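Heavy atoms only: backbone and side chains are in, while hydrogens, waters and symmetry mates are out. Predicted model only: the values in this text are computed from it and were never measured. Within every chain, numbering begins at 1; the chains are lettered A, B, ... in the order of the sequence lines, protein sequences first and strands thereafter.
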Amino acid sequence: MSDNEQQAQAADNIPKVYDPQSFEKKWYEYWESNKLFHAEVDKSKKPYSMVIPPPNVTGQLHMGHALDETLQDILIRYHRMAGYNTVWIPGCDHAGIATQAKVEAKLRDEGTTRYEIGREKFLEQVWDWKEKYGNRIMYQLRSIGSSCDWDRERFTMDEGCSKAVREVFVSLYEQGLIYQGTRITNWCPDCNTAISDIEVDHVTEQGHLWHLRYQVEGEDRYVEIATTRPETMFGDTGVAVHPDDERYKDLVGKTLILPIVNRRIPLFADEYVDKEFGTGAVKVTPAHDPNDFEMGQRHHLEEIKVIGNTGKMLETAGKYAGMDRFECRKALVKELEELGVLVSVEDHEHAVGHCSRCHSTIEPLVSKQWFVKMDSLAKPAIEAVKSGRIQFVPERFTKIYENWLENIRDWCISRQLWWGHRIPAWYCDDCGKTSVSRTDLTECPHCHSKHIHQDEDVLDTWFSSALWPFETLGWPEKTPELEHFYPTATLVTGYDIIFFWVARMVMMGLAFGKDIPFHHVFIHGLVRDSQGRKMSKSLGNGIDPVEVIDKYGADTLRFTLITGNTPGNDMRFYWERVESSRNFANKIWNASRYMLMNLAGFDKSFQPTDDDYTLADRWILSRYAQTERNVTDNIEKFELGEAARALYEFIWNEFCDWYIELTKARLYDKTEEGRRSRETALYVLSFVLEHTLRLLHPFMPFLTEEIWQKVPHDESVKSIMIADWPAGQEHFINEAAEQQMTAIMETIKTVRNLRAEVGAAPGKKSEVELNFLDEALRPVFAANESYLTVLAAAAPVTLLPQGSAKPENAMTGLVDGVEIYLPLKGLIDVEKETARLNKELANVEKEIARLTKKLGNQGFITKAPAQVVEGERQKLAGYQEKKQSIESRIADLAKL
RNA sequence: GGGGUUAUAGCUCAGUUGGUUAGAGUGUCUCGUUGACAUCGAGGAGGUCACAGAUUCGAAUUCUGUUAACCCCACCA
């Protein structure tokens with residue numbers, strides 16, 4: 001058997017339907033084992049680098065990841081093909097709180113706690129957990145086709161990252177940008193740790209405003225205060241009013257008696273108080289409210305803690321000690337009511353802080369924590385974006401980013417957890433000094449005492465994530481990778497972590513990477529369910545991407561995720577859309593199958609001359625060239641959905657619906673005379689298909705590889721993923737061919753329409769007569785009459801001589817430059833036909849009226865570009881021609 | 001309280017510097033299965049582009065306001 005015959009036989013065995021399961025795994029293994037994802041520094045090429053937003057180590061692939069990965073992979077695959085030195089660094093995040101919570105839950109099931117087993121044992125368990133479940137998501141990422149350089153995989157707690165974290169911490173400390181302070185911070189009683197401001201979600205809740213009265217010492221007068229949190233009254237060390245508040249002028253400076261506790265507390269004036277709110281008098285609890293804390297500082301009030309780390313009342317709450325804070329509130333209100341302290345209760349809507357992880361109500365508590373000073377770090381980060389060095393796509397996120405950084409407050413980075421980067425600070429038990437060090441300390445650098453102990457706390461997970469773009473390239477070492485690939489090209493992520501992650505990477509990148517961490521930040525939205533709800537575990541409405549991949553294939557999922565939405569906007573997930581994407585994959589599959597089945601005997605070296613090309617050939621090559629340009633431009637603009645749509649439309653609506661249909665007669669003609677035409681058709685088919693597959697590869701990597709390997713291509717290239725990105729086919733752009741083909745296509749559609757109208761039997765051809773208003777079209781139709789026969793069941797087709805009489809019993813259709821007649825054997829229904837033509841006439845007249853008005857407008861003529869005016873003139877002429885033709889036809893019908 | 005997004009066909013959405021007969025998918029109606037594909041083909045119906053102004057020769061597209069939905073930020077007890 002010849003090569004070609006073998007190929008043909010193989011083609012006959014190609015399944016009729018697209019079956020992704022049969023090849024996706026195979027190709028991923030092929031790419032990975034051939035090291036096609038791996039890149040070494042190659043200074044002869046322009047770099048294009050990306051770092052993956054590291055998923056949580058014990059996480060699972062969800063739709064958000066699938067979208068994020070798909071977008072990144074498209075950019076990476078495109079740039080790799082386009083000749084860049086491309087690297088995409090994968091890895092995962094140790095995810096402090098999240099992972100620790102999982103292991104703690106496991107311990108709880110086993111009937112123990114981390115405190116019982118101790119820090120060392122606990123950490124062993126977390127590492128075990130990490131080993132066991134940690135890389136699951138990395139394997140899941142492979143299933144959607146991510147072309148990451150797995151040889152460069154990193155983990156935020158690996159040796160290199162730990163070194164980077166310590167270097168940054170110590171360096172910031174030395175610059176005075178990291179400090180320790182005793183302050184009121186957001187405390188989560190369930191996670192039992194401090195958290196940063198952005199980890200607090202404010203939820204509007206329906207609460208109450210309790211009005212309580214505190215007696216003025218030694219007098220029979222009371223001051224009425226309003227509070228949303230009566231249980232904190234045990235910590236009250238003052239009551240504040242506004243200095244200008246006439247109601248309280250004479251009371252300022254007096255002492256009040258705190259009910260139940262009977263503590264003497266001062267009544268003082270402070271500008272902070274809002275006269276309009278409540279009673280204008282506010283109880284001050286410096287240990288449990290951020291504003292009160294500040295007032296307390298100003299007025300030197302005592303801080304009395306009444307709520308502990310786990311949300312239970314302390315000894316200071318007297319008989320309520322040990323009670324949960326909310327239980328205490330209930331009981332206390334009752335007691336206050338009985339005592340007559342409670343004056344009234346009103347409903348009150350207010351925003352309450354909740355832990356973004358566990359959703360418990362945040363308790364502001366005074367504690368000693370580590371902070372990063374933000375001002376000097378934020379300034380350059382704002383500037384980098386304002387100046388355009390870093391660009392957000394879409395641009396609107398720029399403002400959100402800037403606004404946040406401009407109002408930023410110091411970042412609390414210490415967490416009372418065990419899983420994470422331990423803070424490199426040591427306390428001396430003898431001299432009491434704190435030392436921060438790049439290496440572990442065994443003695444106090446100040447007094448050389450051996451009695452030192454390391455800070456128990458770990459750093460916020462985002463502290464190490466902030467270093468990700470440069471720590472993954474080897475920083476703090478001066479690696480060739482760092483030099484070549486930093487700054488990275490594009491960061492792809494969801495808008496939900498702009499503050500947590502993007503802003504902090506920019507700050508750290510500028511401070512330590514000595515440059516911006518990336519040039520573009522490509523922001524995408526959330527994938528929601530079909531009703532527009534967020535996918536979540538609690539709602540049980542999450543759709544598992546792995547399930548979609550198993551059922552429909554990764555390419556289908558990828559295509560679904562990037563079409564039908566625009567950058568930065570949320571999208572809804574619909575199974576119908578998945579099916580539609582699958583159908584598209586199947587369409588490509590079958591178009592390829594058609595070509596491959598006809599490849600037998602095809603001379604691969606065949607090269608058509610200009611004369612060999614038919615109109616359809618020239619047309620599809622021109623359309624291909626336009627698509628190539630369109631797709632490339634859109635990818636460059638991050639309009640990946642538009643690029644995919646352009647490919648969809650070209651492949652389905654032009655290549656399959658028209659071109660392939662028009663090649664059938666040529667391919668099935670096995671005669672010697674038809675040989676050249678057949679070979680030309682095969683040449684064009686394979687040229688367009690092979691190029692289109694390459695354009696489509698970043699979007700649907702598996703399918704395109706599977707087909708590409710079978711289609712004639714440059715044999716020296718072993719995978720489509722490293723084939724050249726198609727470019728430079730502009731010479732195929734052919735306006736004339738497109739115009740001529742459009743005229744024929746329009747005519748075909750009109751004939752089909754007319755046939756449907758008269759209910760022509762599908763198997764029966766219709767006689768068609770064409771009258772040319774534009775004589776230039778005559779030779780075009782003459783040469784390509786068969787197109788009408790094949791696609792519109794038109795036969796015979798008569799090209800009426802100029803000025804010939806029009807058929808009487810005929811349906812009429814009109815396209816630009818051509819009148820179309822379908823002579824009918826029997827009598828046509830004059831009434832129906834007239835009505836149809838009148839409807840069309842009305843349409844045409846509407847257009848004429850619109851255009852006449854437009855062209856009659858002096859302003860339009862003088863101010864609009866000449867090109868536009870000319871275009872409108874031609875349109876008008878076309879419509880007028882149509883109008884005349886319809887009118888004369890209606891007149892003819894009237895005579896019958 | 002501040003800021004943002006969205007409003008286009010029954011449904012989900014495109015429509016990128018203002019000039020289109022306003023599009024797609026899906027749904028719906030009619031017709032069609034011998035050689036790529038019924039995961040398909042052909043044809044049809046279906047839209048005052050939320051509302052009101054403004055700018056312009058010209059607005060789905062730019063600006064202002066209104067309405068509605070959603071989101072983010074925010075230490076009034």
Between CD of Glu642(A) and CD1 of Ile562(A), what distance do you get to the nearest 0.5 Å?
10.5 Å
Separation of [N] [atom2] from [X] [atom1] (nearest whole Å):
| X | N | atom1 | atom2 | result |
| --- | --- | --- | --- | --- |
| Asp245(A) | A77(B) | CG | C1' | 14 Å |
| Leu405(A) | C72(B) | CG | C1' | 15 Å |
| Phe397(A) | G4(B) | CZ | P | 13 Å |
| Lys764(A) | A42(B) | NZ | P | 23 Å |
| Tyr574(A) | C13(B) | OH | C1' | 10 Å |
| Asp555(A) | U39(B) | CG | P | 20 Å |
| Ile198(A) | C72(B) | CD1 | P | 14 Å |
| Asn565(A) | C70(B) | CG | C1' | 17 Å |

Select base, sugar-phosphate, or nothing to describe what [X] touches, counting heavy atoms under 4.0 Å on all strands.
| X | answer |
| --- | --- |
| Phe277(A) | base |
| Asp570(A) | nothing |
| Glu639(A) | base |
| Ser592(A) | nothing |
| Glu294(A) | nothing |
| Arg572(A) | sugar-phosphate |
| Lys16(A) | sugar-phosphate |
| Glu642(A) | base |
| Lys637(A) | base |
| Tyr18(A) | nothing |
| Arg850(A) | sugar-phosphate |

Just checking, any donor-acceptor pair under 3.5 angstrom between side chains of [X] and [Y]?
| X | Y | value |
| --- | --- | --- |
| Thr556(A) | Lys551(A) | no |
| Tyr552(A) | Thr560(A) | no |
| Arg247(A) | Thr279(A) | no |

Need to verify one output field. Residue with the more 5' nearest nucleotide on RNA chain B, Thr204(A) or Lys882(A)?
Lys882(A)
Of Lys749(A) and Val282(A), whose nearest nucleotide on RNA chain B comes first from the 5' end?
Lys749(A)
Using atom [atom1] of each nucleotide, how far apart are [N] and [M] to the nearest Å?
| N | M | atom1 | value |
| --- | --- | --- | --- |
| U34(B) | G41(B) | C1' | 15 Å |
| C63(B) | G4(B) | P | 12 Å |
| C49(B) | U66(B) | P | 22 Å |
| G23(B) | G3(B) | C1' | 33 Å |
| U8(B) | G47(B) | P | 14 Å |
| A7(B) | C11(B) | C1' | 15 Å |
| G18(B) | U56(B) | C1' | 9 Å |
| U12(B) | G35(B) | P | 40 Å |

Using a cut-off of strictly less than 4.0 Å between a heavy atom of the residue and any atom of RNA chain B, enumerate the qualifying residues of residues 343-355 of chain A by number.
His348(A), His350(A)
Would a line drawn from the ring center of Phe573(A) to the ring center of Trp575(A) be shorter than 6.0 Å?
yes
Centroid-to-centroid, Phe277(A) to His348(A), below 6.0 Å?
yes
Assess whether one donor atom and one acceptor atom, taken from the side chain of Arg577(A) and the base of U12(B), lie less than 3.5 Å apart.
no
For G41(B), which nucleotide in any strand shown is its Watson-Crick or wobble partner with both distances under 3.5 Å?
C31(B)
Among Tyr495(A), Phe500(A), Phe499(A), Phe397(A), find the one that has a ring pair (Phe, Tyr, Trp, His ring centres under 6.0 Å) with Trp404(A).
Phe499(A)
